[in-house]
Amino acid sequence: MDYFEKMYYRRGYHWIAGVDEAGRGPLAGPVVAAAVILPRDGIGEKLFDSKKISSKKREHLYETILAEAQGVGIGIIGQEEIDRVNILQATLKAMASAIENLPTPPDFILIDGLQGITLPIPQKPIRKGDQLCNSIAAASIVAKVTRDRMMWECHQKYPQYNFARHKGYGTKEHRKAIEKFGICELHRKTFRGVKEYL
């Protein structure tokens with residue numbers, strides 16, 4: 001999991017940030033990106049794709065990453081802008097914002113996915129990077145926990161949709177709630193499963 005970091009450290013880079021997002025697929029809520037610069041020797045915990053570990057383990061790793069990382073940045077793009085620019089552009093914008101919000105500017109970026117970010121910083125997109133690279137896995141955990149907490153707050157405002165359980169994803173329960181109650185301000189109006197109810 002530290003192959004990519006080690007390779008770019010050997011090439012002379014010092015501040016390597018991993019970047020990932022949470023919330024590309026849901027029918028409601030924001031897309032959240034995180035950028036994390038880990039210490040060179042890691043944080044003493046095994047990291048992996050946030051979707052493959054339990055919520056309890058994610059919460060524990062989230063706190064450890066925040067305590068031990070050399071820098072953490074968050075970028076959030078809400079549903080209105082997702083509808084305006086499309087989810088891919090919103091995701092890339094959230095990632096760029098997360099990098100810009102790091103306390104120390106990185107000199108190299110490792111990105112989960114196939115596309116680069118429009119920042120003048122050397123970077124490497126890595127397919128399934130959250131399963132192959134420690135700093136991207138750390139970013140995946142921070143982004144997921146941050147977004148899950150936001151959706152829990154959304155649940156307090158709109159309990160009829162049960163956002164606390166499905167986090168805005170298009171589950172059977174969520175789709176039935178949309179059928180019954182219609183949509184709310186948090187729903188992405190350009191997404192199939194929502195736009196039919198406008």
Side-chain angles (χ1 to χ4, degrees), residues 1-24 29-78 89-153 167:
M1 289 287 286
D2 61 358
Y3 168 82
F4 289 100
E5 287 90 348
K6 282 182 174 175
M7 177 168 68
Y8 290 106
Y9 283 136
R10 283 196 301 271
R11 293 183 186 181
Y13 295 102
H14 299 285
W15 299 95
I16 298 173
V19 187
D20 200 3
E21 53 70 33
R24 273 183 80 153
V31 61
V32 175
V36 177
I37 301 174
L38 292 175
R40 280 199 181 215
D41 53 359
I43 59 168
E45 297 261 12
K46 189 176 179 186
L47 298 170
F48 201 61
D49 174 6
S50 65
K51 298 183 290 296
K52 310 272 184 177
I53 53 180
S54 70
S55 58
K56 185 178 179 183
K57 180 73 171 171
R58 267 198 310 270
E59 290 281 344
H60 166 72
L61 289 172
Y62 170 87
E63 298 297 343
T64 305
I65 292 162
L66 259 55
E68 299 193 26
Q70 292 179 301
V72 175
I74 301 291
I76 300 167
I77 300 294
Q89 295 308 313
T91 299
L92 295 173
K93 190 169 181 180
M95 287 179 163
S97 177
I99 293 160
E100 288 166 345
N101 287 330
L102 282 165
T104 302
D107 56 6
F108 198 88
I109 308 167
L110 298 166
I111 306 163
D112 183 58
L114 301 173
Q115 289 197 258
I117 301 165
T118 54
L119 290 174
I121 303 169
Q123 52 194 265
K124 168 75 173 171
I126 303 168
R127 186 172 177 271
K128 296 194 174 176
D130 49 7
Q131 299 175 30
L132 299 170
C133 173
N134 272 330
S135 55
I136 295 177
S140 139
I141 290 162
V142 172
K144 173 89 173 122
V145 171
T146 301
R147 187 179 186 280
D148 283 358
R149 290 180 178 184
M150 291 177 74
M151 294 310 292
W152 195 88
E153 289 176 14
K167 313 299 189 290

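With sequence neighbours excluded, no residue forms a ring pair (Phe, Tyr, Trp, His ring centres under 6.0 Å) with Phe4.
In this structure, Asp2 and Leu38 have side chains that are not in contact, with every pair of non-hydrogen atoms separated by 4.5 Å or more. Counting heavy atoms from C-beta outward, Met150 and Ile76 have side chains that approach closer than 4.5 Å.
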Note to self: Pair Ile16, Tyr9 - check side-chain contact (heavy atoms from CB on, under 4.5 Å), show working.
What the structure shows: CA-CA 8 Å; Ile16 298 173; Tyr9 283 136; 3.7 Å; yes
Item checked: Audit row: Ile141, Val36, side-chain contact (heavy atoms from CB on, under 4.5 Å) steps and yes/no -> CA-CA 10 Å; Ile141 290 162; Val36 177; over 6 Å; no
Margin query: side-chain contact (heavy atoms from CB on, under 4.5 Å), that's the test. Do Lys46 and Lys57 meet it? Break it down for me.
Written below: CA-CA 11 Å; Lys46 189 176 179 186; Lys57 180 73 171 171; over 6 Å; no
Note to self: With side-chain contact (heavy atoms from CB on, under 4.5 Å) as the criterion, how do Lys93 and Gln89 come out once you've worked through the C-alpha distance, each side chain's angles and the decisive distance to 0.1 Å?
What the structure shows: CA-CA 6 Å; Lys93 190 169 181 180; Gln89 295 308 313; over 6 Å; no
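Rounding to the nearest 0.5 Å gives a distance of 9.5 Å between CD of Gln115 and OG1 of Thr91. Residue Ile77 holds its CD1 atom at 6.0 Å from OG of Ser97, rounded to the nearest 0.5 Å. The CD atom of Glu153 lies 12.0 Å from the CG atom of Asp148; values are rounded to the nearest 0.5 Å. Glu59 contributes atom CD, which lies 10.5 Å from atom NZ of Lys144 (distance to the nearest 0.5 angstrom). To the nearest 0.5 angstrom, His14 atom NE2 is 15.5 Å from Tyr8 atom OH. To the nearest 0.5 Å, atom CD1 of residue Ile37 and atom OG1 of residue Thr104 are 5.5 Å apart.
Considering every non-hydrogen atom in both Asp112 and Gly129, the closest pair reads OD1-N, 2.8 Å. Across every non-hydrogen atom of Ala34 and Ala143, the tightest pair is CB-N, 3.7 Å. When every heavy atom of Ala98 is checked against every heavy atom of Ala33, the shortest pair comes out as CB-O, 3.7 Å. What you find for Ile111 and Gly116 is that their closest heavy atoms are CD1-CA, 4.0 Å. Pairing each heavy atom of Lys51 with each of Asp130, the nearest pair is NZ-OD2, 3.4 Å. Heavy-atom minimum distance, Leu110 versus Cys133: CD1-SG, 3.5 Å.
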Just distance, no hydrogens or angles: give the donor-acceptor pairs under 3.5 Å from side chains in residues 61-75, sequence neighbours left out.
{"residue": "Glu63", "atom": "OE2", "partner": "Arg149", "partner atom": "NH2", "Å": "3.3"}
{"residue": "Thr64", "atom": "OG1", "partner": "His60", "partner atom": "O", "Å": "3.0"}

Just distance, no hydrogens or angles: give the donor-acceptor pairs under 3.5 Å from side chains in residues 120-127, sequence neighbours left out.
{"residue": "Gln123", "atom": "OE1", "partner": "Ile117", "partner atom": "N", "Å": "2.5"}
{"residue": "Gln123", "atom": "NE2", "partner": "Ile117", "partner atom": "O", "Å": "3.0"}
{"residue": "Gln123", "atom": "NE2", "partner": "Leu119", "partner atom": "O", "Å": "3.4"}
{"residue": "Gln123", "atom": "NE2", "partner": "Ile121", "partner atom": "O", "Å": "3.0"}

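Between the side chain of Glu5 and the backbone N or O of Ser135 there is at least one donor-acceptor pair closer than 3.5 Å.
Relative ring orientation between Phe108 and Tyr13 is described as tilted, the plane-to-plane angle lying within the 30° to 60° band.
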